[in-house]
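All remarks here apply to the structure that follows.
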Amino acid sequence: MKKSLVKTAVTLGIGMMIGSATLAAAAPSTVQAVLTKFSFAIDGKVQNLQSDTLVYNGKTYLPIREVAEMTGYKLFYDKEKKKIEFETKGESFLNNSNTSPSTTNQTQNKIYNVGDVIKTANFDIKVTGVRYDNKLNNFPANEGTTYAIVEFDVLVKKEPATYPKWNSIDFIDIYTLDTGAEYMGGTMSSGNITVNEWSSVAVGKMIKPGVKVSDVKIADPILRDRNYYTVKF
């Protein structure tokens, strides 16, 4: 369901509340601004943005896709209309404090192993493994967490309809830990995806040290249904 208004409890160190509606981009222009760092917290939990925040004319501008993902929404960009829309994907899943919505209503859940090639009408994908590291793309994990980095090869057969390019985060929907807990959405992506070519990419999810990912659930980012392809580690 598309949301025309996003409401979430987001607290910035500068005392800002973020409420975001469907946006339309104006004609581009050139400005002088300052890149800086602020304390960014959601429901009291400090988060690290991959990108610097921008201060212009007394106002602070945040990377909207990162903020949307942090607060439990997916962002869609219509480049023809220059319009940004948000789609809810459940609750806000931050620092492993919230579990994902129940997946019992999914219409299918096929099981695959590492190295299996999953073939669909819109994409083919092969998960090659999972590793654990304190950094991804030179960005450190939040204090008290580490990255579970799922690596995979993907062949996407169609261009995205509502935003400029595919991101590896678009394909991994749910992470299941060896504790039995499930968490939705990746924290950080690595690598670039080219349509109609095999691309080697990765997605990092911040989890507690010592915990392992037992499987991931892959979803079709074009159909956006609840038909999952589960890959066991």
Side-chain angles (χ1 to χ4, degrees), residues 1-3 6 20 22 50 63-93 100-103 105-112 114 116-130 136-137 148-176 182-205 213 215-232:
M1 175 181 177
K2 289 289 176 69
K3 293 286 187 179
V6 177
S20 182
T22 298
Q50 297 180 39
I64 193 168
R65 185 181 295 280
E66 286 186 59
V67 174
E69 289 289 336
M70 280 183 175
T71 52
Y73 289 80
K74 283 198 172 183
L75 180 149
F76 298 90
Y77 175 62
D78 187 328
K79 58 185 176 182
E80 292 184 358
K81 296 181 179 179
K82 291 186 170 61
K83 186 169 74 172
I84 296 170
E85 293 184 337
F86 299 91
E87 180 179 281
T88 181
K89 58 180 183 181
E91 302 175 27
S92 172
F93 305 101
S100 68
S102 171
T103 58
N105 292 328
Q106 64 198 43
T107 57
Q108 70 176 18
N109 188 2
K110 297 179 180 179
I111 308 299
Y112 296 85
V114 171
D116 290 346
V117 177
I118 303 169
K119 292 183 176 291
T120 76
N122 295 322
F123 68 99
D124 298 343
I125 190 169
K126 179 176 72 173
V127 175
T128 56
V130 59
L136 179 59
N137 300 336
I149 303 169
V150 178
E151 298 172 323
F152 60 96
D153 300 331
V154 63
L155 172 65
V156 189
K157 304 169 185 178
K158 296 180 180 179
E159 296 281 357
T162 54
Y163 44 95
K165 63 180 181 178
W166 292 115
N167 189 300
S168 56
I169 288 177
D170 296 326
F171 296 87
I172 309 294
D173 252 23
I174 297 174
Y175 299 73
T176 305
E182 289 185 327
Y183 300 103
M184 179 173 281
T187 308
M188 184 180 296
S189 63
S190 179
N192 298 311
I193 295 176
T194 302
V195 174
N196 292 321
E197 294 182 13
W198 279 100
S199 305
S200 296
V201 293
V203 177
K205 177 69 176 177
V213 176
D215 68 60
V216 290
K217 290 180 173 61
I218 297 168
D220 189 322
I222 296 175
L223 296 178
R224 305 198 59 77
D225 54 16
R226 292 182 66 79
N227 293 321
Y228 289 119
Y229 306 88
T230 298
V231 178
K232 295 283 189 180

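Computed from a prediction, not measured in an experiment: that's the story for all the values here.
Using a distance-only test at 3.5 Å, with no hydrogens or angles considered, a donor-acceptor pair links the side chain of Asn137 to the main chain of Ser189.
Heavy-atom minimum distance, Lys158 versus Val195: O-CG2, 3.8 Å. Nearest heavy-atom pair, Ala219 versus Phe123, reported as atom, atom and distance to 0.1 Å: O-CZ, 4.0 Å. Contact record, Ala148 with Val213: CB-CG2, 3.6 Å, taken as the closest heavy-atom pair. For Ile193 against Ser168, the heavy-atom pair with the smallest separation is CD1-N, 3.7 Å. Closest non-hydrogen pair, Val127 versus Val114, comes out as O-CG1, 3.5 Å. Among all heavy-atom pairs drawn from Ile169 and Met188, the shortest one is CD1-C, 4.0 Å.
The line from OH of Tyr228 to NZ of Lys110 is 15.5 Å long, rounded to the nearest 0.5 Å. The CD atom of Glu159 sits 7.5 Å away from atom CG of Asn196, with the distance rounded to the nearest 0.5 Å. To the nearest 0.5 Å, atom CD1 of residue Ile172 and atom CG of residue Asn167 are 11.5 Å apart. We find the CD1-CG distance between Ile118 and Leu155 to be 13.0 Å, quoted to the nearest 0.5 Å. Atom CD1 in Ile218 sits 12.5 Å away from atom CG in Asp170 (nearest 0.5 Å).
Listed by chain and number, the residues in a ring pair (Phe, Tyr, Trp, His ring centres under 6.0 Å) with Tyr112 amount to none (sequence neighbours excluded). Remark: Lys157 pairs with Asp124 by the salt bridge (Lys or Arg N to Asp or Glu O under 4.0 Å) rule, at least two apart or across chains. Under the rule for a side-chain hydrogen bond (donor to acceptor under 3.5 Å, both in side chains), Thr194 has no partner lying at least two apart in sequence or in another chain.
Put simply, the side chain of Val154 does not reach to within 4.5 Å of the side chain of Trp166, judged on heavy atoms. When side chains are defined from C-beta on, Val156 counts as touching Phe171, because their heavy atoms get closer than 4.5 Å. The shortest side-chain heavy-atom distance between Val130 and Tyr175 does not fall under the 4.5 Å cut-off.
Screening Ile125, Ile111, Asp116, Thr120 against Tyr229 for a side-chain contact (heavy atoms from CB on, under 4.5 Å) leaves a single residue, Thr120.
The local environment of CG in Asn122 is crowded, with over 12 non-hydrogen atoms from other residues, nucleotides or ligands closer than 6.0 Å.
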